[in-house]
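Note: hydrogens, waters and symmetry copies are ignored here, and every other heavy atom, side chains too, is used. Sequence positions, counted from 1, serve as the residue numbers for this chain. Please read all numbers here as calculations on a predicted model, not as lab measurements.
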Amino acid sequence: MDLHILDHRLRVTSISKDGLVHFTHPLIKLIFLRNRTRCKFFSLTETPENYTVVLDEEGFKELKPSEHLQVEGSVWLPLNVVSSGNVSSSSQAVGVTKIAKSVIAPLAEQHVSVFMLSTYQTDFILVKEQDLAVVVSTLGEEFSIFREVEGESFPVQDVHNGLHKNGKEAIQPTVHPVLIPQNHFCVMSLDPDTLPSIATTLIDVLFYSNSPKEGTPSTAGAELDCIKFFSFSLIDGYISLVMDTEAQRQFPADLLFTSSSGELWRMVRIGGQPLGFDECGIVAQISQPLADSDISAYYISTFSFDHALVPEEDIGRVTEMLRHQRKEPAAS
């Protein structure tokens, strides 16, 4: 398989709920007026806490400094795994579990923090620019690695000819609590040319929808009745949407499309307290057991918490698996 380092330098930001009014103009521009901005990578995810916005440097210029805007200090680079040759037609798991063993686990072992963004089309693994040498060295044996520059792909060699450590101390990753809300979610796409047709609905859902009760307790193992979660990505001309079935009903059914099976997904929300950006192994902790059980999963990191979406029919198995994982004593 090939691993591509995409031609985007990304920033990860958070807009507070009460500060959204200060950013509606730039966000509407980034979503609907893509011909008026040079932004090629944009993702907006609403959670109960905030709005996570991941965007390239051109898009980042649209967000003016504000007390309502938090910016993670690193520049992030998106990686994308591309299957060489024909894609297997077998019923293997898809999403983050497909790359759990080949990408996520090796990076966790080398103490590289990752920020995941699964979309309808593909999975993006974001790594800090400062960790790129470690990433190339770690994954170079498994993948042919290419760096994309202005539409062309160039092979990347490990100049160190050996495993390049990033110097972080190996510590046992924290086993974070999980929450399993009751919403059923859909992962869908949309032809960008039809975006104007849903503009009113999309603006209403993103900017005017009532959130669930604020201050819902985030106690370990608790089950939330529902959680506010809506994700919109416009990346290199492709649109991806993740929403629950209640939000989906507001959109014209003939414009949004999903896979032929039209499956529904349940969410596993990871973290009792905001996770931060320096801890390693959070994604691996969830994706590895799912991969071992051949369970598909989309995975969306946000500024405060992580979210895995698993098929509705697998949520019982996943719940039991994660609860068992959390009862096991940490290895010394």
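- Ring geometry for Y298 against W265 counts as perpendicular: the plane angle is over 60°, on a 0 to 90° scale with 30° as the lower cut.
- Residues D306 and V283 meet the side-chain proximity criterion, which asks for heavy atoms closer than 4.5 Å.
- Screening residues 176-204 for salt bridge (Lys or Arg N to Asp or Glu O under 4.0 Å), with sequence neighbours left out, gives no hits.
- With contacts defined as side-chain heavy-atom distances shorter than 4.5 Å, the pair E279/T174 qualifies.
- When the shell of 6.0 Å around CZ of F32 is examined, it contains more than 12 heavy atoms from other residues, nucleotides or ligands.
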(request) Assess whether side chain to side chain donor-acceptor pair (under 3.5 Å) is satisfied between N80 and T122, documenting all intermediate values. (result) CA-CA 8 Å; N80 186 226; T122 190; 2.7 Å; yes
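- Residues satisfying the salt bridge (charged side-chain N to carboxylate O under 4.0 Å, His left out) test with D292, not counting sequence neighbours, are K101.
- Checked against ring pair (Phe, Tyr, Trp, His ring centres under 6.0 Å), H176 has no partners two or more places apart in sequence or in another chain.
- Partners of F303 under the ring pair (Phe, Tyr, Trp, His ring centres under 6.0 Å) rule, at least two apart in sequence or in another chain, are F277.
- F42 meets the ring pair (Phe, Tyr, Trp, His ring centres under 6.0 Å) test with no other residue; sequence neighbours excluded.
- Figure legend: R147 and F154 shown without cation-pi pairing, the cationic atom not lying both under 6.0 angstrom from the six-membered ring centre and within 45 degrees of its axis.
- For S118, the side chain to side chain donor-acceptor pair (under 3.5 Å) criterion is met by D123, not counting sequence neighbours.
- Under the rule for a side chain to side chain contact (heavy atoms under 4.5 Å, CB included), the partners of L69 that lie at least two apart in sequence or sit in another chain are T13, I15, F23, L63, S66, V71.
- Listed by chain and number, the residues in a salt bridge (charged side-chain N to carboxylate O under 4.0 Å, His left out) with E62 are K29 (sequence neighbours excluded).
- D56 meets the salt bridge (charged side-chain N to carboxylate O under 4.0 Å, His left out) test with no other residue; sequence neighbours excluded.
- Scanning for salt bridge (charged side-chain N to carboxylate O under 4.0 Å, His left out) contacts around E129 gives R9, with sequence neighbours left out.
- When the side chain to side chain donor-acceptor pair (under 3.5 Å) test is applied to T302, no partner is found at least two apart in sequence or on another chain.
- Residues H4 and L79 fail the side-chain proximity criterion, which asks for heavy atoms closer than 4.5 Å.
- F124 is linked by a ring pair (Phe, Tyr, Trp, His ring centres under 6.0 Å) to F41, counting only residues two or more places apart in sequence or in another chain.
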